[in-house]
Structure formats: structure tokens, C-alpha cells
Amino acid sequence: MKPGAISRVRGMNDLLPEEARHFAEIESAAREVFEAAGYGEIRLPIVEDSRLFTRSIGEATDIVEKEMYAFEDRNGDLLALRPEATAGCVRAVIEHDLIRSGPQRLWYHGPMFRHERPQKGRHRQFHQIGVEVFGIATPDLEAELLMLSQCLWDRLGIEGLTLELNTLGTAEERVHYRAALAAYLSSHEDALGPDDRMRLARNPLRILDSKSAEIQELLANAPVLSDFLGEASREHWQRVGTLLDAAGIAYRINPRLVRGLDYYTQTVFEWTSTALGAQSAVCSGGRYDGLVEQLGGSPTSAMGWALGLERVAALLGRTDVKRPCAVLVTLGAAAEESGFALMREIRQAYPGLRVVLATGPGTLKSKLKRADRLRARWALILGDDELAKGVVQVKALDGPAQVEWVPRAAVVAHLAQVADQ
RNA sequence: GUGGACGUAGCUCAGCAGGUUAGAGUCCCGGAUUGUGGAUCCGGUUGUCGUGGGUUCAAAUCCCACCGUCCACCCCA
């Protein structure tokens, strides 16, 4: 790169064709899985009112406190680049009163923004695919959403992921537990580092998933959340397990699993991979029964999850570029004109047929070389000789070279016939 | 945000106890074969050695700062 050239902003990466192909593959697999299950796509704005996120994700969370791209626009409105899509989705559901017409099953995909220090699997602009369901309170929803994620891994051929599950109980149960946990940890405050003391004051549940061995040891005798669950939560939680077993989806219960966003209730989960280093969470989510009401809607139970496209893409094997059926090679100005006419006919008759143009300057040899690199099955050669005879030379590029001369008027039909083989 | 490692052609990397014009492979372009690909051979293009400063007769090489990437923490998808 020459000095003075402008480079991309930190953490905001270009997706070159190879990686973009992975993204497209995941997106189309997701579309297939979701649409088949009766989910509708929703497209949401990237910019929202900042308050939407402070109210939903939680003011004391890192996402809102340190990572949000918040700014004032020309009118002085406080706006933010979305750090996640659940909040916006809830906002849209309330704003259009979608719940009026019954439960809503929605899915989305798009870029999210968080001002974090970039690392592998962690970028400032990253991409998520997610689902959100509104209006279903029963545990079959947990099972449905988890099954959809499993279907997606199956569809993409991804193996070796671990599903970790936990329940946080209702908001009230969590409040009681939180108080008990805070009391226990306060009595051992001398064992906590400065970061954990901060968490103790603001969000003691976060201490549960600490990686520190000393903390985990300390937690061995701490109160456990399951003791604080009421009968209803207990039954709900058990039913989730039963349905997952019935569907043959393996999981591991992790009582230490809490999530970083404040709005979760009841079931939370995380799909992790050991192949990704520190950023091991591939897909996660949970129930958020209180959020709709909290954001100004009527009480509505809801649940969703999101996956990180960059992380899932990293688990995908190499996907090959689809090979073209043919490369249309022209030599000289007159042949180029005829070639463009032919190309138009091909596109009109068979829009999906992969035919790549090789017109313009360059030797026949270099154009055939290009056809070879693209792994095309056929070369359609059109030069002065062919023009004079009213034919197109059709050369087989697979295996030993074989040529045949097809009358110009019959080329389109010939190509279509040969493409099916 | 904290700590650490690293930064040399488009890509992968060598060169670094300071010493002439900075190298290989790959990719790309051309030729051997005037209009016929893949193999082989031959030739060619490409770099302010991340940026800026310092030390020195001399810096890709030593020192400092900044920027970036990666790793861990942190956070999370």
C-alpha cells in the first residue's frame, strides 16, 4: 500500500470473496432452516435510539458502558450503532403491535458493532444471525429453538460443538438468589480481586463464570440458584431437558453459566467450540420474559439466540467456488460483438447457467488458461474463422481436449443439453 | 481497557553478533507453440523492510514512540 492511502478502520474488516462465500453459505442454510420452520425474516435498522440499549441490555454491562458506538446526530439525538439485535427486534414488535396477531417467530441477520479490542473471532463490526420468538411461555419453545440451532449445525456439517444449559429462574427468584450470593461473597471479600469486588457491587452473578481457580474454589460452598427456584420454574426447567432428550440433542448443565446481558430469565444456553481459542462461544441466547414489558409493551414471554457468523465461518471447511459450465472466449472486434449477442441469448434462455465472459484483449492462450483456472467444463471459442463459417467451437476442458463445431444458431441449445450431463 | 509476542513483494516466508544494487517460493504477465488450457523450461513486473524519530561513517538489522495483527486477561456471538 502506498503511503497516504486510506486503510480500513480498526476492527472493521473487509470480507474477501473466499470468506464472503462462507457467509453466504451460512446465511442461505439459516434461511432454509428458519423458513422451513415457519419463521419470517425481519430486517431492522443498524442505528437505534441509544436508550433502547441502555434500558434493555443494562446500564451496568460492559456492552453499554464501554463498548457501544454512541453518538449525537445533527439534530442532537442520541443514537447508537446496534451492539446486538434483540433490543431492536423487541422494539419493532412493540411498535407494530405484532403480537396482536398471535405468537411471532422471527429471524434476522446483519452487522453489529462493539468497540472492543480486536482479537481473533472478535471484531468491532461483526455479524450475527439470530431468531426471536414472542408469545410462547412454555418450555417447548426452548426445545424448538435449540433444535433449530442443532439443525443448522447439521445442515452445515459442523460437529464437535458443546451445548451448555442453565436456568436463571424468574426475575424474582433471581433477585433472591442474587442477594444470597452477594451476602456469601461479601463475607469472603478479602479473597476477591478488584475486578470481582466491582462485580460484587454491580452484578454479582457475573462472578459465577469467573475463570479464576481461586474464585471457583470459593464458589464451591456458595449458595446455588437451583435452591431458589419455585415449583413452576423447576417444572419448566425439567421439561426443557425432557424435550431435548426426546429430540436427541445432547447438552451439559452448567450451573455457573450466566449471561452478560441483564434481560435473561429462565433458560440460558451457549454453544461452544474448542477450536476457536478464547472466543469460544459460537451461538448463545435464552429466555427474556420481562423485556417486552420493560420496553413499554404488554407482558409477553419471549426467547431468542444469536450466532456469530465470523466464528461459525471459522469452523467451516473450505468451500470450493462453483465451477462455471463454460467460458465464452472471443478473438477480435467482430467476434466480440457476436459473442455479446450470444451471451445475451444464453442469459435470456438459461439465466442460472454459469457462463463467464473472456472477451477483450489477450491471447487465445491466456483466455484458455483463465478458463482452466476457473475449472470451466467447456470453452466456447469465437474468432474470425468461426465467424466466417457461422459456427462456434466448443472445446471440452475436462480430460483430453475434444473439439466440435456447433452452428451458431444451435449453440444455446447445445450448451443447455451439455450442461445437464 | 491491561499484559505479552510479532510486523520484510498481492500471499507464505528467508535475511537481523549493523556493512555495496534486499532474496526465495507462490501468484500475475509474456515466450518456447503466428488461433488452442492443464505438465515442463525460459524471461519479466512487484517492496519508502508497518510509520515516525534516535544512535552510528553506515540501520530491514540496535533503541524509543506510535499504528496494526496475534495470544492471554477482560468481554461476548
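This is a predicted model, so every value here is computed, not measured.
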Considering every strand shown, what is the Watson-Crick or G-U wobble mate of [N] when both distances are under 3.5 Å?
N: B:rG35; answer: none
N: B:rG30; answer: B:rC42
N: B:rA65; answer: B:rU51
N: B:rA72; answer: B:rU2
N: B:rG18; answer: none
N: B:rA59; answer: none

Without decimals, in angstroms, what is the distance between [X] [atom1] and [N] [atom2]?
X: A:D372; N: B:rG38; atom1: CG; atom2: C1'; value: 4 Å
X: A:N13; N: B:rG68; atom1: CG; atom2: P; value: 12 Å
X: A:R124; N: B:rG1; atom1: CZ; atom2: C1'; value: 10 Å
X: A:R10; N: B:rC67; atom1: CZ; atom2: P; value: 8 Å
X: A:E404; N: B:rU36; atom1: CD; atom2: P; value: 20 Å

Taking atom [atom1] in both [N] and [M], compute the distance separating them and give it to the nearest angstrom.
N: B:rG38; M: B:rC27; atom1: P; result: 13 Å
N: B:rG50; M: B:rC70; atom1: C1'; result: 15 Å
N: B:rC62; M: B:rU8; atom1: P; result: 15 Å
N: B:rA24; M: B:rA77; atom1: P; result: 49 Å
N: B:rG19; M: B:rU61; atom1: C1'; result: 11 Å
N: B:rA14; M: B:rG47; atom1: C1'; result: 15 Å
N: B:rC63; M: B:rG4; atom1: P; result: 15 Å
N: B:rG54; M: B:rC71; atom1: P; result: 35 Å

Counting the atoms with a prime plus P, OP1 and OP2 as sugar-phosphate, which does [X] contact under 4.0 Å by heavy atoms, base, sugar-phosphate, or nothing?
X: A:A401; answer: base
X: A:E386; answer: base
X: A:A358; answer: nothing

In terms of the angle between their ring planes, are [X] and [Y] parallel, tilted or perpendicular, with boundaries placed at 30° and 60°?
X: A:Y288; Y: A:Y264; answer: perpendicular
X: A:Y184; Y: A:H188; answer: tilted
X: A:W378; Y: A:H414; answer: perpendicular

Examine the side chains of A:T86 and A:E132 and answer whether a donor and an acceptor come within less than 3.5 Å of each other.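 There is such a pair between these side chains.
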Could you run down nucleotides 70-77 of chain B 5' to 3' and tag each one B, S or - for protein heavy-atom contact under 4.0 Å? SSBBBBBB
What I want to find out is whether A:D209 reaches A:R206 closely enough, with some N-O distance under 4.0 Å, to be called a salt bridge.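 Between A:R206 and A:D209 there is a salt bridge, with a charged N closer than 4.0 Å to a carboxylate O.
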Does a side-chain N-to-carboxylate-O contact under 4.0 Å join A:R323 and A:D398?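 A salt bridge is present here (some side-chain N lies under 4.0 Å from a carboxylate O).
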In Å and rounded to the nearest 0.5 Å, what is the CZ to CG distance from A:R408 to A:L342?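 Reported value, rounded in 0.5 Å steps: 4.5 Å.
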Contact list (N/O, under 3.5 angstrom) for nucleotides 28-31 of chain B vs protein:
| residue | atom | partner | partner atom | Å |
| --- | --- | --- | --- | --- |
| B:rC28 | OP1 | A:R373 | NE | 3.2 |

Can you find a donor-acceptor N/O pair under 3.5 angstrom joining the side chain of A:E65 to the base of B:rG1?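 Between B:rG1 and A:E65, which were checked side chain against base, a qualifying N/O pair under 3.5 Å is absent.
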Please check if the distance between the ring centroids of A:Y69 and A:H115 is under 6.0 Å.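 When the ring centroids of A:Y69 and A:H115 are compared, they turn out to be within the sub-6.0 Å range.
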Given 3.5 Å as the limit, does a donor-acceptor pair link the side chain of [X] with the main chain of [Y], or not?
X: A:S28; Y: A:A24; value: yes
X: A:N166; Y: A:L257; value: yes
X: A:S50; Y: A:A70; value: no

